[in-house]
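Here the structure is laid out as structure tokens; the discussion comes afterwards.
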Amino acid sequence: MKTPFFRIVIFTLLTIRFFGEAVAQCPFDPTVTGNLQVCPDSFTVLGTQQYATYQWFSRNFISGQSMPIAGATGPTLSVEYDQTPVYISVAATLAGCTETSPEVLVDGLIFPPIFVLTEGEFEIGPNGEQVLCAGDTIFEIVMPPYTANVQWYQGQNPIQGANNDTLVVTQPGNYWLTATPEECSNYVAVFDSQFIHVIWSTEPGCSVGVTDPPADFGVSTSPNPAHETLAITAELNDLIQLTLMNTAGVNVRTSSFYQQTNLQVADLPSGVYSLLLLTERQGVVIRKVVVQH
């Protein structure tokens, strides 16, 4: 039978062991901070809290072991788009104690190529060109996510004022555009298909057919001509993006609405305008409206 002295010694040893293991863990928990989604042709800068020293680690997305990144011993780490997807962690040391953060997944954003929807009055020629009659109109509409920093071109020249998602074409030429997604305003995508090639029709009488919009979702406008206010209604309970353009293709009004809206036109010059209504599910409806004072 052990004496009380031995009991005290055993208790003391167990206590030292217990507390020794307890204090082996650092009194801090580093975490990786920063944007974990990287835009194409760009990079993100990750960071952590303030410590004495740092060592950053990376691990292959598919498999592999977390490995130290050579030279990555500062409080921040840059991750390039081409390096993603990758798991990142950081080991931080303070007062002689080192603790490693949980891993985070840094991933790169992927966007589809630019797609342009064509509506209006035209035919498709044998080589894919769009055939236009004098007095007819083609609407070239760039689809989401490319809704920011839009610039349309004719040939190598930017078209002045053509900075929205729809280009109104009434003349032959080669058209293209650059644009960026809202999420990545520094990533400029180029419409890298062949030029949108528009030519005049050579048919006698210019009997070009009309390509109707895929649906009209019950759109009505009144009054037409409009003097001060144009009332627009639609038999569709979806968000509708509205664009009003003049004959030069310049955007003079933009808004969004559900089912009904009143568009103020009192300050617009008298003339013919193109009203474009776009929904994700139903496509595009185009209406000609007249402003008359």
Side-chain angles (χ1 to χ4, degrees), residues 1-115 142-151 178-190 192 280:
M1 181 178 181
K2 293 184 174 65
T3 64
F5 173 78
F6 284 104
R7 291 196 184 103
I8 293 173
V9 171
I10 293 172
F11 176 79
T12 303
L13 291 174
L14 290 173
T15 302
I16 292 173
R17 181 182 177 186
F18 175 79
F19 281 100
E21 291 179 350
V23 297
Q25 184 177 359
C26 300
F28 57 86
D29 295 306
T31 57
V32 177
T33 60
N35 187 0
L36 303 182
Q37 293 185 319
V38 189
C39 291
D41 303 329
S42 186
F43 64 92
T44 186
V45 178
L46 306 178
T48 187
Q49 295 75 33
Q50 186 173 359
Y51 300 105
T53 62
Y54 312 85
Q55 176 60 63
W56 291 87
F57 292 79
S58 66
R59 180 168 66 87
N60 186 277
F61 175 71
I62 303 299
S63 62
Q65 182 180 358
S66 183
M67 300 294 293
I69 303 172
T73 56
T76 62
L77 175 72
S78 294
V79 179
E80 301 285 341
Y81 179 81
D82 292 340
Q83 296 173 313
T84 63
V86 63
Y87 287 101
I88 297 293
S89 60
V90 61
T93 301
L94 185 65
C97 190
T98 300
E99 187 71 41
T100 302
S101 74
E103 286 184 329
V104 297
L105 176 62
V106 183
D107 203 0
L109 293 171
I110 299 176
F111 298 99
I114 293 180
F115 175 73
V142 61
M143 293 289 98
Y146 297 100
T147 55
N149 302 319
V150 177
Q151 177 61 64
T178 59
T180 66
E182 289 287 350
E183 299 91 336
C184 295
S185 59
N186 292 326
Y187 166 56
V188 179
V190 179
D192 55 5
E280 289 189 2

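Since this is a predicted model, take the numbers as computed values, not measurements. Scope of the values below: all heavy atoms of this structure, side chains included, with no hydrogens, waters or symmetry mates.
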To the nearest 0.5 Å, tell me how far [X] [atom1] sits from [Y] [atom2].
{"X": "T48", "Y": "I88", "atom1": "OG1", "atom2": "CD1", "result": "12.5 Å"}
{"X": "S101", "Y": "W56", "atom1": "OG", "atom2": "CH2", "result": "7.0 Å"}
{"X": "T93", "Y": "E99", "atom1": "OG1", "atom2": "CD", "result": "10.0 Å"}
{"X": "T44", "Y": "E80", "atom1": "OG1", "atom2": "CD", "result": "10.0 Å"}
{"X": "C39", "Y": "I110", "atom1": "SG", "atom2": "CD1", "result": "12.5 Å"}
{"X": "L46", "Y": "L36", "atom1": "CG", "atom2": "CG", "result": "6.5 Å"}

Could you tell me if the side chain of [Y] sits less than 4.5 Å from the side chain of [X], heavy atoms only?
{"X": "F43", "Y": "Y81", "answer": "no"}
{"X": "S89", "Y": "S66", "answer": "yes"}
{"X": "F61", "Y": "D107", "answer": "no"}
{"X": "T73", "Y": "Y54", "answer": "no"}
{"X": "P181", "Y": "Y187", "answer": "yes"}
{"X": "V79", "Y": "V86", "answer": "yes"}
{"X": "L94", "Y": "C26", "answer": "no"}

Between [X] and [Y], what is the shortest heavy-atom contact and its length?
{"X": "Q83", "Y": "S78", "value": "OE1-O, 4.0 Å"}
{"X": "P102", "Y": "V32", "value": "O-CG2, 4.3 Å"}
{"X": "I114", "Y": "A189", "value": "CD1-O, 3.5 Å"}
{"X": "N60", "Y": "Y87", "value": "O-CD1, 4.0 Å"}

> N149 and side chain to side chain donor-acceptor pair (under 3.5 Å): which partner among T178, N186, T180?
Replying inline: T180
>> Tell me whether the count of non-hydrogen atoms from other residues, nucleotides or ligands lying under 6.0 Å of CD in Q37 goes above 12.
In response: no
>> In terms of relative ring orientation, are Y51 and F28 parallel, tilted or perpendicular, with 30° and 60° separating the classes?
In response: tilted
> So, the side chain of Q55 versus the backbone of I69: is there a donor-acceptor pair under 3.5 Å, distance only?
Replying inline: yes
